[in-house]
Amino acid sequence: MQETGMRIWVDADACPRVIKDILYRAAERRKIRLILVANSRFEVPKSEFIEFMRVGAGFDKADLAIVEQARDGDLVITTDIPLAAGVIEKGGLGLSPRGELFNPDNIRSRLTMRDFMDEMRGSGVMTGGPAALSARDRQEFANQLDRLLTGRGY
């Protein structure tokens, strides 16, 4: 039988635990399939809606697995802009753990900024890393996820 409906893919190696907890609750409450993809094993709650997919070690293995299996209407949780772009290209959306929505309207500018920052770092400019995930970030993520899952999203 062909599976229908949104699936949520998680770039799990880089996803904060607090965000995973929000996703676990949302998958159960909304009865949506949640797939966490990572290079290393970790425990996920026992649920018919939550699964773990382990991929081999190596650069971008999880990203490639997600893009390969994503389909129209799926959502990916990631900070990786090229991964989000790959899912968007297939008709999906991306959401960062800070609640930033990646969609067809903004992904090109996000890729351009990412490439620019990579060039800056490559030339020796210290750009610093992202700030720690704040309570406000977690709330924005939860709010944006709720909007997407209830059809009030982007």
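Note: hydrogens, waters and symmetry copies are ignored here, and every other heavy atom, side chains too, is used.
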Look at Arg33 together with Glu51 and state whether they make a salt bridge at an N to O cut-off of under 4.0 Å.
yes

So CG of Asp80 and CD1 of Ile66: to nearest 0.5 Å the spacing works out to 9.0 Å

Student check: side-chain heavy atoms of Trp9 and Met53 closer than 4.5 Å:
yes

Beyond-backbone contact of Arg147 with Leu101, side-chain heavy atoms, under 4.5 angstrom:
no

Which pair of non-hydrogen atoms, one from Asp72 and one from Gly91, has the smallest distance, and what is that distance?
OD1-O, 3.0 Å

What's the shortest heavy-atom distance between Pro104 and Leu93, and which atoms?
CD-CD2, 4.2 Å

Main-chain N/O of Val67 paired to Lys90 side chain as donor or acceptor, under 3.5 Å:
yes

Are the side chains of Leu133 and Arg98 in touch, meaning some heavy atoms are under 4.5 Å apart?
yes

Crowded around Arg41 CZ? As in, over 12 foreign heavy atoms under 6.0 Å?
yes

Would you give the length of the straight line joining atom CD1 of Ile88 to atom CZ of Arg108, rounded to the nearest 0.5 angstrom?
11.0 Å

Just so I know, are the side chains of Phe49 and Ile35 near enough to count as touching, which here means a heavy-atom distance under 4.5 Å?
no

Nearest heavy atoms of Cys15 and Ile77, plus distance in Å
SG-CG2, 4.4 Å

Any side-chain heavy atom of Val76 sitting closer than 4.5 Å to one from Phe102?
no

Ignoring hydrogens and geometry, is there a side-chain-to-backbone donor-acceptor pair from Asn103 to Asn106 under 3.5 Å?
yes

In Å and rounded to the nearest 0.5 Å, what is the CD1 to CG distance from Ile22 to Asn143?
9.5 Å

Is a side-chain N or O of Lys61 found less than 3.5 angstrom from the main chain of Ala38, in a donor-acceptor match?
no

With a 3.5 Å distance limit and no angle check, can you tell me whether Asp74 reaches the backbone of Arg7 through a side-chain donor-acceptor pair?
yes

Does a side-chain heavy-atom distance below 4.5 Å link Val37 with Val10?
no

Could you measure the distance from the OG atom of Ser40 to the CZ atom of Arg54? Nearest 0.5 Å is fine.
7.0 Å

What distance separates Arg30 CZ from Glu28 CD, expressed to the nearest 0.5 Å?
13.0 Å

Considering only heavy atoms from C-beta outward, does the side chain of Leu145 approach that of Leu23 to under 4.5 Å?
yes

Report yes or no: do Leu34 and Val87 belong to one cluster of Ile/Leu/Val/Met/Phe/Trp/Tyr joined by side chain heavy-atom distances under 4.5 Å?
no

Which is it for Ile8 and Leu149 under the side chain to side chain contact (heavy atoms under 4.5 Å, CB included) test, yes or no, and what are the steps along the way?
CA-CA 10 Å; Ile8 301 173; Leu149 297 182; 4.1 Å; yes

When rounded to the nearest 0.5 angstrom, what distance separates NZ in Lys31 from OG in Ser47?
9.0 Å

Pro97 and side chain to side chain contact (heavy atoms under 4.5 Å, CB included): which partner among Asp137, Ile19, Val18?
Ile19

Could you go step by step and tell me if Val44 and Phe52 meet the side chain to side chain contact (heavy atoms under 4.5 Å, CB included) rule?
CA-CA 7 Å; Val44 298; Phe52 177 81; 4.3 Å; yes

Pairs touching residues 11-20 that satisfy salt bridge (charged side-chain N to carboxylate O under 4.0 Å, His left out), sequence neighbours left out:
Arg17-Asp21

Within-4.5 Å side-chain heavy-atom neighbours: Phe141 and Leu95:
yes

